[in-house]
Number of protein chains: 2
Amino acid sequence: MEVITLTGVTDSATAKGEQTRELILSTALRLFREQGYGKTTMRAIANEAGVSVGNAYYYYGSKDHLMQAYYDLLQDQHREAVEPILATEKAFVPRMTGVLRTWLDVSAPYHEFAGTFFKTAADPRSPLSPFSEESRPARDASVEIFRRVIDGSDLKLAADLKTELPELLWLLQMGVVLFWVHDQSEDVRRSRALIDRAVPLVDRLLRLTRIPGVRGVTTDIVTLINSIKP
Amino acid sequence: MEVITLTGVTDSATAKGEQTRELILSTALRLFREQGYGKTTMRAIANEAGVSVGNAYYYYGSKDHLMQAYYDLLQDQHREAVEPILATEKAFVPRMTGVLRTWLDVSAPYHEFAGTFFKTAADPRSPLSPFSEESRPARDASVEIFRRVIDGSDLKLAADLKTELPELLWLLQMGVVLFWVHDQSEDVRRSRALIDRAVPLVDRLLRLTRIPGVRGVTTDIVTLINSIKP
DNA sequence: CCCCACTCTTGAACATGTTCAAATCTTATG
DNA sequence: CATAAGATTTGAACATGTTCAAGAGTGGGG
């Protein structure tokens with residue numbers, strides 16, 4: 001049997017398996033969206049996909065791994081959706097605001113079960129932890145977005161700050177995510193408000209770093225952050 | 001049957017039950033400490049305590065509730081352990097540093113299973129979430145500590161900042177906790193280093209707020225924080 | 001065409017958090 | 001004391017994530 005895979009490569013050895021893998025993942029994501037993570041059982045996923053429970057475990061080591069796969073998908077979507085903004089906007093505030101709002105948009109369908117997601121992510125031993133080794137590729141890709149936000153903008157920054165800022169903005173995004181997870185307002189209005197008000201503040205803060213008395217503290221903060229990295 | 005309870009009140013109606021409740025909790029905490037949260041089963045707890053599984057559930061609605069109970073205990077211990085520092089130290093830096101280091105000390109025996117703890121706490125629907133309604137008493141008590149840290153210190157602050165600062169310091173503690181959970185260094189040396197370097201920085205930042213150009217941004221930050229509170 | 005090695009699939013079995021109806025114990029009241 | 005009402009306790013049953021030994025399918029080499 002020969003099947004054309006998504007990458008266009010013909011690979012008769014694994015084609016069948018890949019099809020099953022994708023079938024299981026897409027079924028799982030649909031059920032997660034429809035009924036939430038907690039209420040979706042592995043049996044239901046297997047059932048709906050027309051395979052056995054054991055088969056699902058052959059491809060995904062645990063229910064969490066299915067979520068990890070979803071997370072990777074989300075990151076990809078965000079990266080894509082953000083391109084128009086990075087290409088168009090030139091000022092820091094709209095660039096950053098756009099990137100964060102886009103994240104909300106992309107993640108919207110999953111808000112309902114996001115709680116469970118971040119519950120798992122908070123466990124330092126979980127591969128889903130944003131600080132884990134397994135998440136490094138996704139995290140690096142995310143930080144890269146923020147590097148582009150800065151590089152393409154009108155911000156004038158000291159060299160050391162410019163190096164660290166992408167990671168700091170990534171941390172800010174983590175904060176927004178944390179707020180969003182807890183946000184029960186209609187249409188996550190409050191999360192949007194937070195973004196719209198916080199980003200201009202960050203902008204002002206960054207411009208403050210040019211004041212002599214402030215510069216020293218900034219340097220020290222950057223140094224501290226560097227020292228606590230693993 | 002009549003039993004003297006911990007509070008010294010004789011209460012024959014509930015005395016027996018309270019004894020069982022305490023027996024279950026202490027047994028659970030011991031097992032958590034000895035083998036970690038994940039490896040401690042409800043059956044093991046019941047077994048070790050000499051009661052039935054259902055009995056444990058009669059007093060604690062879930063395994064998580066046993067952890068919640070532990071958390072409350074921890075808070076109490078911290079509050080007590082912090083008194084000498086608040087009574088002795090007068091400068092902001094040693095006061096704040098002392099409070100944070102004490103938290104590390106009190107929590108040390110549970111570092112091994114802290115990951116699981118904060119995993120549960122990260123779920124916004126969990127009663128253990130530091131932002132949940134159920135946690136309000138513990139949170140308020142914790143914020144109160146930081147209010148005292150500020151009030152008893154030599155800091156000179158604008159009124160609005162002084163009102164919000166306790167909660168901000170509480171947030172800083174949450175950050176330290178997050179770092180600590182992930183900290184695998186021997187004797188959590190890195191967490192201690194973080195505290196020792198971060199607190200003086202906070203001190204300098206707070207003194208900066210008196211510079212005219214900085215004052216405005218500070219006010220706006222305080223306003224923003226107020227606006228995102230529930 | 002046959003067979004070996006490998007991939008893939010199955011479903012029963014297991015572990016553990018949780019529920020619940022029934023049994024037992026305790027206390028207040030006549 | 002006898003009894004009803006309520007508190008406490010029990011253990012079997014249930015739901016669901018996970019494991020695993022065995023079977024089925026597949027493809028290349030002889």
Side-chain angles (χ1 to χ4, degrees), chain A residues 1-3 5 10-25 27-28 31-32 35-70 113 116-117 119-120 123 125-128, chain B residues 1-3 5 9-25 27-28 31-32 35-69 113 116-117 119-120 123 125-128:
Chain A
M1 179 200 261
E2 275 200 7
V3 178
T5 68
T10 299
D11 189 337
S12 55
T14 55
K16 175 90 174 299
E18 280 315 305
Q19 256 187 312
T20 309
R21 164 180 251 116
E22 280 165 30
L23 172 66
I24 291 169
L25 178 58
T27 306
L31 292 181
F32 287 168
Q35 357 175 290
Y37 181 79
K39 281 180 195 151
T40 303
T41 69
M42 289 301 283
R43 283 168 182 76
I45 295 171
N47 230 24
E48 197 79 5
V51 300
S52 68
V53 195
N55 200 195
Y57 278 93
Y58 181 75
Y59 291 103
Y60 297 94
S62 74
K63 199 179 171 186
D64 285 354
H65 280 76
L66 283 166
M67 199 146 57
Q68 167 79 289
Y70 146 67
F113 84 92
T116 319
F117 178 74
K119 164 179 171 161
T120 312
D123 186 339
R125 283 157 306 188
S126 161
L128 272 97
Chain B
M1 182 200 259
E2 275 202 6
V3 178
T5 68
V9 176
T10 299
D11 188 338
S12 53
T14 54
K16 175 91 175 300
E18 281 314 305
Q19 256 187 313
T20 309
R21 163 178 251 117
E22 281 165 28
L23 172 65
I24 291 168
L25 179 59
T27 306
L31 292 181
F32 287 168
Q35 357 175 289
Y37 181 79
K39 281 181 195 151
T40 303
T41 69
M42 290 300 284
R43 283 167 182 78
I45 295 170
N47 228 26
E48 197 78 4
V51 301
S52 67
V53 195
N55 201 197
Y57 277 93
Y58 181 75
Y59 291 104
Y60 297 93
S62 73
K63 198 180 172 185
D64 285 354
H65 280 76
L66 282 165
M67 199 144 59
Q68 167 78 288
F113 86 89
T116 319
F117 178 75
K119 164 180 171 161
T120 312
D123 187 339
R125 283 157 307 188
S126 163
L128 272 98

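Just so we're on the same page: letters track the sequence lines, and every chain starts at 1. As a basis for the values below, the full set of heavy atoms in this structure was taken, side chains included, without hydrogen atoms, waters or symmetry mates.
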Exercise for the section: Take the protein atom CD of B/Q19 and the nucleotide atom P of D/dA7, then report the distance between them rounded to whole Å. Expected result: 18 Å
Exercise for the section: Determine: side-chain N/O of A/Y57 to OP1/OP2 of D/dC20, distance under 4.0 Å, yes or no. Expected result: no
Handout entry: B/R21 charged N/C atom sitting above B/Y60 aromatic ring, 6.0 Å / 45°
Key = yes
Exercise for the section: Using a cut-off of strictly less than 4.0 Å, decide whether A/T20 has a side-chain nitrogen or oxygen near OP1 or OP2 of C/dT9. Expected result: yes
Problem - Within-4.5 Å side-chain heavy-atom neighbours: A/D64 and A/Y37 - result: yes
Exercise for the section: From the options C/dT10, D/dG17, C/dG17, select the nucleotide whose nearest atom is closest to the side chain of A/K63. Expected result: D/dG17
Exercise for the section: Take atom OH of B/Y60 and atom C1' of C/dG17, then tell me their distance rounded to the nearest Å. Expected result: 17 Å
Practice task
Take atom CD of A/E18 and atom P of C/dC8, then tell me their distance rounded to the nearest Å.
Solution key: 8 Å
Practice task
Using whole Å, report how far NZ of A/K39 lies from C1' of D/dG17.
Solution key: 18 Å
Practice task
Determine whether B/Y59 and B/L66 make a side-chain contact, defined as any pair of heavy atoms from C-beta on separated by less than 4.5 Å.
Solution key: no
Practice task
Indicate, with a heavy-atom threshold strictly under 4.0 Å, whether B/V53 touches base, sugar-phosphate, or nothing.
Solution key: base
Handout entry: Whole-Å gap separating C1' (D/dG17) and CE (A/M67)
Key = 13 Å
Exercise for the section: Figure out the OH/P separation between B/Y59 and C/dT19, and round it to whole Å. Expected result: 17 Å
Practice task
Find the distance B/M42:CE to D/dG11:P and express it as a whole number of Å.
Solution key: 16 Å
Handout entry: Rounded interatomic separation in angstrom, taking NE2 from B/H65 and C1' from C/dG17
Key = 14 Å
Handout entry: Axial cation check for B/F32 ring with B/K63, 6.0 Å and 45° limits
Key = no
Problem - Under-4.0 Å side-chain N/O to phosphate OP1/OP2 contact, B/N55 with D/dT8 - result: no
Completion exercise
Closest to the 5' end of DNA chain D, once A/R43 and A/G54 are matched to their nearest nucleotides, is A/R43
Problem - C/dT9 phosphate, OP1 or OP2, under 4.0 Å from A/Y58 side-chain N/O - result: no
Problem - Sole candidate of B/V53, B/T40, B/V51 that passes side-chain contact (heavy atoms from CB on, under 4.5 Å) when paired with B/I45 - result: B/T40
